[in-house]
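The block underneath contains the structure these notes are about, expressed in structure tokens.
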Amino acid sequence: MRITTWNINSVRLRAPLATQVLKILKPDVLCLQETKCPNELFPYEVFQEVGYPHICVNGMKGYNGVALISRIPFEKTNILNWVGREDCRHISAVFEDGIELHNFYIPAGGDEPNIEKNEKFDHKLKFITEMTDWFSTNRKPTDPMILVGDLNIAPLECDVWSHKQLLKVVSHTPIEVDHLNRLMSASDWIDTARYLTPAPKKLFTWWSYRSREWRTANKGRRLDHIWVTPLLKQKIVDSGVLRDARGWEKPSDHAPVTTDLGQF
DNA sequence: ATGGTTGGTTACCAA
């Protein structure tokens, strides 16, 4: 089973790039974030025409939005709301083999890492705390689960181009990393990318639009993640970042991230 | 210390 996650930054603008991703990576399921597209305007046909008939979406006008695009049928799908908002940051599905897949778009958190001064940062931390509580209450680490998405946090020193220079930059602050680690502990999640590519090897999935020469400067961060619960740990066989996609014409600022889980 | 770019909407906001 191959899972790919990608913050597409507008699914309508980049549906053709998404079909490129499908053609190159051939994932069983493509999980998208920042689709920025109301459900009734989602380009279902584009994906159905290239062999992905099973699609479930949770979108809104202008902001956020997530989607699951699959070759494999879903047994059931679900949408959860977080921190009392209906802002389209989650969608989940259970496959016929019982594996549950959660796709999240965690709030970016604004510019200032201060919950008093910046409501968006407060919202981000509350969002992660609520995720932690939800998984603690409603699921067990022994459940077969996959969690993917743009989590908007680069937890390790080697997940950013400069640990020192990003310590006070939202996405890499100690309080965010603490929150993310607590979430990981709630279900004993395994970070599949780091399982196969351990620290201190640098690994990035996002390069800002604002930094020119993104490839050579390589001021990236690893914001996009694929986690699995312990039952699936022994099945992790490969993982990678389609870095080339960041260099395509009119790219997303995120590159697709893929994990292969062998024989079920 | 600052500003850089992009997308969607609306006359700017979020990332």
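Each chain gets a letter, A, B and so on, in the order the sequences are listed, and its residues count up from 1.
- Heavy atoms from other residues, nucleotides or ligands lying under 6.0 Å from CG of D111(A) number 12 at most.
- Proximity of K120(A) to the phosphate of dA14(B): a side-chain N or O atom is located under 4.0 Å from OP1 or OP2.
- Across the interface with DNA chain B, nearest-nucleotide mapping of E34(A) and R212(A) shows R212(A) to be the residue nearer the 5′ end.
- To the nearest angstrom, P of dA14(B) lies 17 Å from CZ of F121(A).
- In this structure, Y63(A) has no ring pair (Phe, Tyr, Trp, His ring centres under 6.0 Å) partners at least two apart in sequence or on a different chain.
- Atom C1' of dT10(B) sits at a distance of 14 Å from the matching atom of dA14(B), rounded to the whole Å.
- The distance from atom CG of N118(A) to atom C1' of dA14(B) is 12 Å, rounded to the nearest whole Å.
- If you take atom P in dG7(B) and the same atom in dG3(B), they sit 22 Å apart, rounded to whole Å.
- When the P atom of dT5(B) is taken as reference, atom CG of N7(A) falls 20 Å away, rounded to whole Å.
- As rounded to the nearest Å, dT9(B) and dC13(B) have P atoms that lie 16 Å from one another.
- For dG3(B), there is no paired nucleotide, since no Watson-Crick or G-U wobble pair has both relevant distances below 3.5 Å.
- Whole-Å rounding puts the R12(A) CZ to dT6(B) P distance at 20 Å.
- Comparing the P positions of dT5(B) and dA1(B) gives an interatomic distance of 22 Å, to the nearest angstrom.
- Comparing G62(A) and Y105(A), the nucleotide of DNA chain B nearest to each residue sits closer to the 5' end for G62(A).
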- Check the pair H225(A), W189(A) against ring pair (Phe, Tyr, Trp, His ring centres under 6.0 Å), reporting the backbone distance first and the verdict last. CA-CA 11 Å; H225(A) 302 267; W189(A) 292 109; over 10 Å; no

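- To the nearest angstrom, P of dG7(B) lies 10 Å from CG of L17(A).
- Between H102(A) and F104(A), the ring planes lie parallel to each other; the angle is under 30°, not in the 30° to 60° tilted range.
- Figure legend: cation-pi geometry between R89(A) and W82(A) absent, as NZ or CZ is not positioned both under 6.0 Å from the six-membered ring centre and within 45° of its axis.
- Between the C1' atom of dT10(B) and the NZ atom of K61(A) lies a distance of 9 Å, rounded to the nearest Å.
- Counting to the nearest Å, the P atom of dA14(B) and the CD atom of E112(A) are 15 Å from each other.
- Residue K36(A) places none of its side-chain N or O atoms closer than 4.0 Å to OP1 or OP2 of dT9(B).
- Contact check, R210(A) against dT2(B): no side-chain N or O comes under 4.0 Å of OP1 or OP2.
- The partner of dA11(B) cannot be assigned: no Watson-Crick or G-U wobble pair with both contacts below 3.5 Å exists in any strand.
- Put simply, CD on Q33(A) is 16 Å from C1' on dG7(B), counting in whole angstrom units.
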